[in-house]
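A short worksheet on the structure shown next.
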Number of protein chains: 2
Amino acid sequence: MFQTVNFVKKNILSARKPLCYQHSREADLAETEEKKREKRGWRQNPDAVKRDILSVAIEEFAAHGLSGARIHSIAAKTRTSKRMIYYYFGDKKGLYVRALEEAYSEVRAGETELDLGQLTPRDALARLVSFTFDHHRSHPEFIRMVMIENIHQAENLTGSEVIRRLNLSAIKKLEDICRRGEAEGVFRKGLDPVALHWQISAASFFNVSNRPTFSAIFGEDLFSDDAQIKIRSQVVDAILHLVEPRPKPGEES
Amino acid sequence: MFQTVNFVKKNILSARKPLCYQHSREADLAETEEKKREKRGWRQNPDAVKRDILSVAIEEFAAHGLSGARIHSIAAKTRTSKRMIYYYFGDKKGLYVRALEEAYSEVRAGETELDLGQLTPRDALARLVSFTFDHHRSHPEFIRMVMIENIHQAENLTGSEVIRRLNLSAIKKLEDICRRGEAEGVFRKGLDPVALHWQISAASFFNVSNRPTFSAIFGEDLFSDDAQIKIRSQVVDAILHLVEPRPKPGEES
DNA sequence: GACGAAATTAACCGTCTGGAACATTTTGCG
DNA sequence: CGCAAAATGTTCCAGACGGTTAATTTCGTC
């Protein structure tokens, strides 16, 4: 499905821009009001403008990178103008940082839906891994933003307290599971939740981030829905194995 | 060590350019010859020029991405000129593709040093995983080139037969191990070498590619030499577990 | 309704950047 | 040597791109 992407360099096209942003519940009484504005005139709607810009910015930055994305292209895909971007976000970097934060927020918000309270530690962990794997798959634009940020040595992310907070809270679930598992004796002692998170992220992230090169070399087979389910269960198996109490106390650094 | 990177935006500096490329074994008889050229004049050395350009190109593309890298910056870090880049590589994309190929070649060349002939399948696999993990760590610029290529949907890699060949040969070792392990009954049946390679790559690659964001959020702890050894052994454990014959023949898709 | 602040439009600018044109020198070869 | 081809140096440019200035309109509020 994805194999022929047919890269369109300049897709500043189509999508006739509506003259103004419609406020939520006034489409009905718009007729009389709007006609007065038809010649020249507009409605103000700062929030909608900002949201519009941000969502397009995520698309564009995710697609072309920080320096690859073009402010004028972003503006073109928006219902507003380039000037507004500078008005609200200062400069390109400012927009990028906000877009990055926004991408993180959206994804972390989705994660909070996962409820593991009722499950045994083992089942909870399996569920968490499985969920994370799927969640990454369904948010490729977020993955791409993180890839790009990594290329930039995370220098923008470092400054963003917003993002650090979001991520630290994301590891809470894992910490709980570990604690419960250790307490019940079904997990090995001394587990490091961060290291475990590393393992889970590595598989889930790589699966999306490196799909293009991997499938270019080895074919798309591994990325069919069926194959992905297998891969995912392998990942779950591997992670569960890492938390199991060591059978023999022989030490092996 | 790495935490304060102190980004220098324009490092087009220092490094006095020698007037010409010295051929390998003529530094000695250079005195008489060279003095005639001192005013204006140069030696030709196409191969050295190409190599010089490519190595700088890898640095720059890896650091700033395809669109972030600047031809004139690349030229500046070279002992030759912008003109030569276009002379030998046509345009920016051409240079990028060659740099990508070069990066792959260098890394794959390093991999051939690994000899697993004498080891049991299990030991061989453990060794391969361990080696791959380290090898990725010691070639961050390669990792970054691949990250960048992924952001570009692998569209350049797709066209390069060179790279596909290099990579397919890279999986040969793994295929051998799997076959031997299955034959000896120490590995489970029906292993997919590509899927296994996916697992190994995921950990090894992510470890380098996502270090910036990961350590920005969770700290550098996991990336100390000691911690990396632990992580690596976890990865080895996890992979080995994946190839072990299933203890109970209960089927679990 | 008037008025100041916020939002939006429209036009403009200086620089950076990929790339090309043209000139000159070197090198292999008969 | 002489000559053509390859390699290198020098100079310049057209368009792209990030960003700005100034004018206009809308909106909340007194």
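Values below: all heavy atoms of this structure, side chains included; hydrogens, waters and symmetry mates excluded. In the text below, chain A, chain B and the rest are named by the order of the sequence lines, each starting its count at 1.
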Original post:
Under the side chain to side chain donor-acceptor pair (under 3.5 Å) test, which residues partner B/Ser201, sequence neighbours left out?
Top reply: B/His197
Review item, nucleotides 19-22 of chain C N/O atoms under 3.5 Å of protein N/O:
unit_1, atom_1, unit_2, atom_2, d
C/dG19, OP2, B/Lys92, N, 2.9
C/dG19, N7, B/Lys82, NZ, 3.2
C/dG19, O6, B/Lys82, NZ, 2.6
C/dA21, N6, B/Arg83, NE, 3.3

**OP:** Give the rounded distance in Å between these two atoms: CG of B/Leu66 and P of C/dT17.
**Re:** 14 Å
Subject >> Rounded interatomic separation in angstrom, taking CG from A/Asp47 and C1' from C/dA7 >> reply: 12 Å
Original post:
Quick one: B/Arg70 CZ to D/dC17 P, roughly how many Å, whole number?
Top reply: 10 Å
Subject >> salt bridge (Lys or Arg N to Asp or Glu O under 4.0 Å) partners of A/Arg137, counting only residues at least two apart >> reply: A/Asp225
**OP:** Examine D/dG9: is either OP1 or OP2 under 4.0 Å from a nitrogen or oxygen in the side chain of B/Thr80? Give yes or no.
**Re:** yes
Subject >> Trace of the side-chain hydrogen bond (donor to acceptor under 3.5 Å, both in side chains) decision for B/Glu101 with B/Ser160 >> reply: CA-CA 8 Å; B/Glu101 293 179 347; B/Ser160 168; 2.8 Å; yes
**OP:** Can you tell me the distance, in whole Å, between the CG atom of A/Leu95 and the P atom of D/dG19?
**Re:** 10 Å
Subject >> Integer-rounded Å distance: C/dA7 C1' and A/Arg79 CZ >> reply: 16 Å
Original post:
Okay, side chain of A/Glu149, backbone of A/Leu157: is any donor-acceptor separation there less than 3.5 Å?
Top reply: yes
Original post:
Who pairs with B/Glu113 by salt bridge (Lys or Arg N to Asp or Glu O under 4.0 Å), at least two apart in sequence or on another chain?
Top reply: none
Subject >> Basic-acidic side-chain contact under 4.0 Å: B/Glu155, B/Lys93 >> reply: yes
Original post:
Quick one: salt bridge (Lys or Arg N to Asp or Glu O under 4.0 Å) partners of A/Arg232, sequence neighbours excluded?
Top reply: A/Asp134
Subject >> Salt-bridge contact B/Glu60-B/Arg70 (side-chain N to carboxylate O under 4.0 Å) >> reply: no
Original post:
Are any of A/Ser81's side-chain N or O atoms less than 4.0 Å away from OP1 or OP2 of C/dT9?
Top reply: yes
Subject >> Under 4.0 Å protein heavy-atom contact, by nucleotide of nucleotides 1-7 of chain D - B base, S sugar-phosphate only >> reply: -----BB
